[in-house]
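Note sheet for the following structure.
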Amino acid sequence: MAYTNSKLVNYTRISPNRSVNRNHKIDTISIHCVVGQCSVETLGSIFASTSKEASSSYGIGYDGQIGMYVEEKDRSWCTSSASNDNRAITIEVASDTYHPYRVNDAAYKSLIKLLVDICKRNNIKELKWKADKSLIGQVDKQNMTVHRWFANKSCPGDYLYNLHGQIAKEVNAQLSSGTTSTANKTLYRVRKTWNDAQSQKGAFYDLSNAKKCADKNKDYSVFDESGKAVYTSKATNSTSPFKVQISISDLNIRKGPGTNYAATGKFTGKGVFTIVETKQGTGSVKGWGKLKSGAGWIALDYATRI
């Protein structure tokens, strides 16, 4: 069959690490994390080295630029599985170098656009994700695969892995509506805290829908693309006092509910403390608690409620 390449590509550097002419039609998508906030040019240089014995069909830089390293007619060397790579378009996405390997919003938006384009050109009617390794190759049930299923790796990182369902949902919405324009829209995410990507309930271009989602989930907020909380669930903040046990001696006390607030220079020490108010904020998965003493706020990740 005749294969085409994406016209969304900003940079091309064909890798020598590839197998000419794939032996299976394209019916699968495999998303990877780079483990580095790199550019498409840097990624191209990495894949240009024959010693790496690795490549991907496309790559997305930290700035949202899209690179092509293996044409779609050929098989990339990406998922440690020749069978998967022969049927998949593989995409490396710039990410943080630490868990959960977060990708920024510019890269995420480009990923969605590229996936819509790939699906349209290869007659993939919709993306299907069940998070089920046993469904590899059963594209009528699941046509998204991940590297960790084929090798002892964490790729694509928990951030992207946990977003696969949402990615499929966004791509399918555009495939069904026939639109691909999200370039000037803000993507709002509903989470407990900005850093807790695993808690995400959804991502919405419509702020009102994001607020509705947050209101249905206690202790959730709506965050814009910079990580700023723009709306907090009406059921989020607690003002009922409760006691916690602190078992570490150096728990920072801060002036507000988040690591974006300055530390007071004091620590709680070990013991039992009373919390009079809780709020969500950056730097804590479980949220922040205000000490009854008035000394400030502590991260509840290091406290046990008693």
Side-chain angles (χ1 to χ4, degrees), residues 3-20 22 26 28-80 84-85 88-98 100-122 124 127 144-147 153-157 159-161 163-164 167 170-171 174 180-185 187 197 203 225-226:
Y3 292 100
T4 60
N5 301 312
S6 178
K7 294 182 179 180
L8 298 174
V9 169
N10 308 108
Y11 172 83
T12 299
R13 185 173 182 179
I14 299 301
S15 170
N17 307 318
R18 69 189 193 282
S19 299
V20 176
R22 63 172 70 237
I26 296 168
T28 300
I29 298 293
S30 297
I31 303 168
H32 302 248
C33 67
V34 174
V35 190
Q37 294 289 5
C38 68
S39 66
V40 291
E41 292 84 1
T42 297
L43 193 54
S45 295
I46 293 171
F47 290 152
S49 171
T50 54
S51 65
K52 292 292 184 181
E53 296 186 346
S55 63
S56 65
S57 306
Y58 296 100
I60 300 176
Y62 69 92
D63 53 0
Q65 296 286 292
I66 298 172
M68 182 174 71
Y69 313 108
V70 175
E71 293 185 85
E72 292 191 23
K73 69 179 181 65
D74 297 331
R75 168 206 154 196
S76 65
W77 300 352
C78 202
T79 58
S80 304
N84 184 76
D85 286 343
I89 292 294
T90 57
I91 307 170
E92 290 276 2
V93 187
S95 70
D96 288 343
T97 57
Y98 49 87
Y101 305 101
R102 186 185 70 87
V103 306
N104 64 36
D105 287 287
Y108 184 85
K109 281 188 174 183
S110 288
L111 174 63
I112 299 299
K113 288 173 63 178
L114 180 59
L115 288 172
V116 172
D117 174 64
I118 291 167
C119 288
K120 285 184 174 181
R121 288 184 295 100
N122 290 285
I124 299 174
L127 291 183
M144 301 174 76
T145 57
V146 288
H147 199 172
K153 296 178 178 291
S154 62
C155 185
Y159 184 88
L160 280 173
Y161 184 86
L163 281 177
H164 265 52
I167 290 169
E170 289 187 47
V171 170
Q174 293 191 35
T180 60
S181 178
T182 58
N184 297 317
K185 295 182 179 180
L187 185 65
E225 295 173 347
S226 68

Nearest heavy-atom neighbours spanning Cys38 and Ala94: O-CB, 3.6 Å
Please walk me through it: do His164 and Val146 pass side-chain contact (heavy atoms from CB on, under 4.5 Å)? CA-CA 10 Å; His164 265 52; Val146 288; 3.5 Å; yes
Heavy atoms of Ala48 and Arg13 approach each other most closely as CB-NH2, 3.5 Å
Taking Asn5 for its side chain and Glu72 for its backbone only, find out whether a donor-acceptor pair lies under 3.5 Å. yes
List the atom of Ile112, the atom of Glu170, and the distance in Å for their closest heavy-atom pair. CG1-OE1, 3.9 Å
Search all heavy atoms of Thr50 against all heavy atoms of Asn17 and return the closest pair with its distance. CA-OD1, 3.5 Å
Asn10, Leu8, Val9 screened by side-chain contact (heavy atoms from CB on, under 4.5 Å) with Gln65, the one that passes: Asn10
Under 3.5 Å donor-acceptor, Arg18 side chain and Arg75 backbone: no
Let me see the working for Ser154 and Tyr101 under side-chain contact (heavy atoms from CB on, under 4.5 Å), right down to the final yes or no. CA-CA 10 Å; Ser154 62; Tyr101 305 101; 4.0 Å; yes
Those residues that, when tested against Ser226, pass side chain to side chain donor-acceptor pair (under 3.5 Å) (two or more places apart): Asp224
What distance separates Glu92 CD from His147 NE2, expressed to the nearest 0.5 Å? 8.5 Å
Quick one: NZ on Lys52 to OG on Ser15, what's the gap to the nearest 0.5 Å? 12.0 Å
Backbone N or O of Glu41 within a donor-acceptor pair of the Ser45 side chain at under 3.5 Å? yes
In terms of heavy-atom contacts, Thr90 and Ser56 come closest through OG1-CA, 3.3 Å
Can you sort out the partners of Ser6 under side chain to side chain donor-acceptor pair (under 3.5 Å), two or more places apart, ordered by chain and number? Asp117
What pairs meet the ring-ring contact (aromatic ring centres under 6.0 Å, His included) rule with one or both residues in residues 51-78, with sequence neighbours excluded? Phe47-Tyr69
Main-chain N/O of Ile124 paired with Asn122 side-chain donor or acceptor, under 3.5 Å: no
Sorted by chain and residue number, the salt bridge (charged side-chain N to carboxylate O under 4.0 Å, His left out) partners of Glu225 (sequence neighbours excluded) come out as Lys109
side-chain contact (heavy atoms from CB on, under 4.5 Å) between Ile91 and Leu115, worked out: CA-CA 9 Å; Ile91 307 170; Leu115 288 172; 3.6 Å; yes
Tell me, please, which residues at least two apart from Thr42 pass side chain to side chain donor-acceptor pair (under 3.5 Å). Ser39
For Val40 and Met68, what are the C-alpha separation, side-chain angles and deciding distance, and is it a side-chain contact (heavy atoms from CB on, under 4.5 Å)? CA-CA 8 Å; Val40 291; Met68 182 174 71; over 6 Å; no
Heavy-atom pair of closest approach, residues Cys119 and Leu127: SG-CD2, 3.7 Å
Gap between atom OG of Ser76 and atom CD1 of Ile89 - 0.5 Å precision: 7.5 Å
Donor-acceptor pairs under 3.5 Å, side chain of residues 28-37 to any protein atom, not counting sequence neighbours: which ones?
from, atom 1, to, atom 2, distance (Å)
Ser30, OG, Asn84, ND2, 3.1
Ser30, OG, Thr145, OG1, 2.5
Gln37, NE2, Asp96, OD1, 3.0

Just by modelled atom types, is the Cys78 backbone N or O under 3.5 Å from a matching donor or acceptor in the Asp85 side chain? yes
